[in-house]
Amino acid sequence: MQGQEQARMWGGRFEKSPAPEAEAFAHSLPTDMRLWRQDIQVSLAYARMLGIRGIISHQEANLLVEGLLEIAQEIEKGLWQPDPSAEDIHTAIENRLYEKVGALAGKLHTARSRNDQVATDTRLYLKQYINGLAGNLIGLVGTLIELAKQHTETLMPGLTHQQHAQPVSLAHHLMAHAWAFMRDLERLADSVLRVKVCPLGSGALAGASFPIDRELLANELELDEPAPNSMDAVSDRDFVAEHLFLCALLMVHLSRLAQELILWSTPEYGFVELDDAYTTGSSLMPQKKNPDIAELIRGRSALAIGNLTAMLTLLKGLPLTYHRDLQDDKTLLFATNDFVLPAVRLMKQMLETARWHTERMRQALQGDFSTATELADYLVRKGMPFREAHHLVGQIVRDCLQQGKTLETLTLSDLKRHSPLFEEDALQAVQPEAALHARTTYGGTAPEAVQHQIELATHRLEYLHLLLSELLH
Ligand code: ARG
């Protein structure tokens with residue numbers, strides 16, 4: 001085979017070449033070029049299997065393997081670039097193999113299709129990407145845990161409805177984010193089971209009439225098992241959709257944390273100052289220091305959601321089996337993956353280098369009535385029903401507001417005017433420090449409870465680390 005016919009894998013049946021505009025529209029090399037390593041890995045496994053099963057001779061298999069290894073070297077060293085007009089990476093590499101080993105190259109595709117080939121390439125790529133993402137996510141959770149260790153006594157307002165609710169520690173707040181990322185890590189680990197399935201050997205859709213060995217292919221590619229249904233194997237992109245979902249959720253988690261950093265670094269809050277390295281200035285206003293990286297992380301979460309939506313929409317109307325629509329799965333997958341990893345890394349760095357203004361956090365609790373619940377709880381301990389105590393403390397708050405007082409500055413006689421149940425120790429109960437230390441239940445904000453939480457998180461993280469290295473070996 002030569003010329004046009006060879007350059008296109010399927011030229012034989014056609015009298016004419018595709019219209020140039022149609023060809024350009026269909027062309028996927030700029031996107032799938034980055035699968036070249038996986039594509040060669042898949043072809044190496046396939047060539048060896050064909051030889052082992054006697055479908056081609058050992059000598060032929062060896063020649064194919066040598067040719068493929070040479071191509072890998074050439075691409076690695078920049079000695080050969082695929083012809084930019086090649087339809088996709090599979091065509092480009094096969095064409096190069098023809099140049100190296102001649103007509104024998106055509107035997108590599110025995111019982112193989114680009115349909116099982118591309119699905120396998122994508123799975124191998126994703127397995128490798130997950131390895132990198134998991135490592136960085138473990139790093140981010142580790143950073144949150146380390147910060148939390150330093151701030152179990154650092155008081156700050158805990159909010160609901162963006163209103164001061166009850167005092168919490170900065171450690172407790174940071175750990176809340178850590179647990180969300182921990183769940184992302186769990187989802188990532190769980191998804192590996194569905195990524196490590198091997199479509200190779202499914203052919204175009206119906207399997208093969210040659211004695212291929214699919215177990216061998218799966219083993220060789222370090223995947224867990226051959227896909228059990230050849231039709232599902234070539235049309236299943238659930239693993240891509242699932243990955244885009246877990247990335248979208250991870251980006252949503254990053255976005256929520258980014259939004260807090262953005263708010264906390266305003267002068268109105270003043271809880272944190274981000275390091276210069278993760279902020280930028282204004283071209284007009286010389287004083288500005290803008291949290292652009294946090295803003296971009298927040299913004300990219302929108303793209304992650306969009307890519308997930310596009311992927312699900314791409315799949316929803318597709319009958320079985322392969323359709324060319326599926327080619328665009330990689331555009332979405334690569335686009336999301338390319339910003340998720342740096343977003344995770346940058347968030348970690350931003351947290352590590354931030355300056356925490358703990359005195360401002362403490363000041364924000366001054367006179368904010370966020371210990372009103374403590375006062376109600378105090379009365380409950382003296383036997384008053386909670387509803388009654390709630391009402392009574394509500395009145396105390398209203399009086400304070402009218403008289404320009406705060407809970408912390410009330411005297412015992414002020415309190416006794418509202419209820420004889422109040423004693424000297426009530427004055428202590430309304431201090432934010434006391435409120436923090438009182439919430440000792442499992443999962444609560446008291447320093448010893450948070451300490452326990454940190455230990456749990458550390459163990460969970462170690463477990464997930466081991467699990468992931470086991471799954472991704
Ligand atoms: N570039 C294609 C993709 O990514 C490869 C598979 C093409 N298969 C086909 N039958 N046209 O989906």
Side-chain angles (χ1 to χ4, degrees), residues 4-14 16-19 21-43 46 75 82-97 105-106 108-129 195 197-208 217 221 227 230-241 243-244 307 310-338:
Q4 280 298 303
E5 242 182 302
Q6 180 203 316
R8 283 189 203 91
M9 288 177 163
W10 37 262
R13 185 226 181 278
F14 290 83
K16 284 202 286 191
S17 299
E21 210 174 336
E23 194 162 41
F25 194 67
H27 180 74
S28 64
L29 189 65
T31 306
D32 59 29
M33 177 61 201
R34 61 199 274 180
L35 291 178
W36 72 264
R37 280 176 215 281
Q38 290 77 14
D39 202 67
I40 288 184
Q41 199 187 342
V42 163
S43 287
Y46 202 75
I75 305 181
D83 174 359
S85 69
E87 187 175 318
D88 53 26
I89 185 62
H90 327 294
T91 313
I93 290 174
E94 186 170 311
N95 288 349
R96 184 62 178 156
L97 196 57
L108 179 59
H109 221 54
T110 310
R112 189 175 75 163
S113 158
R114 282 179 296 166
N115 299 352
D116 56 347
Q117 196 177 347
V118 73
T120 312
D121 289 5
T122 310
R123 286 170 179 277
L124 291 178
Y125 153 82
L126 192 53
K127 185 183 154 196
Q128 195 183 6
Y129 178 83
V195 171
V197 170
C198 187
L200 196 63
S202 296
L205 78 162
L217 291 172
L221 294 170
S230 61
M231 293 178 77
D232 185 35
V234 295
S235 56
D236 169 21
R237 295 294 184 277
D238 292 2
F239 68 102
V240 178
H243 180 77
L244 290 176
N307 289 343
M311 186 64 214
L312 290 171
T313 314
L314 192 78
L315 290 174
K316 86 171 183 63
L318 277 195
L320 299 180
T321 58
Y322 179 84
H323 296 83
R324 196 63 180 272
D325 316 39
L326 292 175
Q327 174 166 290
D328 286 329
D329 66 342
K330 289 173 288 301
T331 315
L332 301 171
L333 183 62
F334 296 157
T336 289
N337 281 351
D338 285 351

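Order of listing sets the numbers, starting from 1, for every ligand and every atom in it. Side chains included, hydrogens not; waters and symmetry mates left out as well; all remaining heavy atoms used. Along the sequence shown, the residues carry numbers beginning at 1.
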Quick one, Ser43 with Arg112, criterion side chain to side chain donor-acceptor pair (under 3.5 Å). Give me CA distance, side-chain angles, the key distance, then yes/no. CA-CA 10 Å; Ser43 287; Arg112 189 175 75 163; 3.0 Å; yes
Atom pair CD1/CG of Ile89 and Asp32 - distance to nearest 0.5 Å: 6.5 Å
Check: His27 side chain, Pro84 main-chain N or O, donor-acceptor pair, under 3.5 Å: yes
Looking at Asp116 and Ser202, would you say the former's side chain and the latter's main chain have a donor-acceptor pair under 3.5 Å? yes
Looking at Arg324 and Glu87, is any side-chain nitrogen of the basic one under 4.0 Å from a carboxylate oxygen of the acidic one? yes
Check the side chains of Asn337 and His243 for a donor-acceptor pair under 3.5 angstrom, ignoring hydrogens and angles. yes
List the protein residues in contact with ligand 1, where contact means a heavy-atom separation under 4.0 angstrom. Ser28, Asp32, Asp88, His90, Arg114, Asn115, Val118, Tyr322, Gln327, Lys330
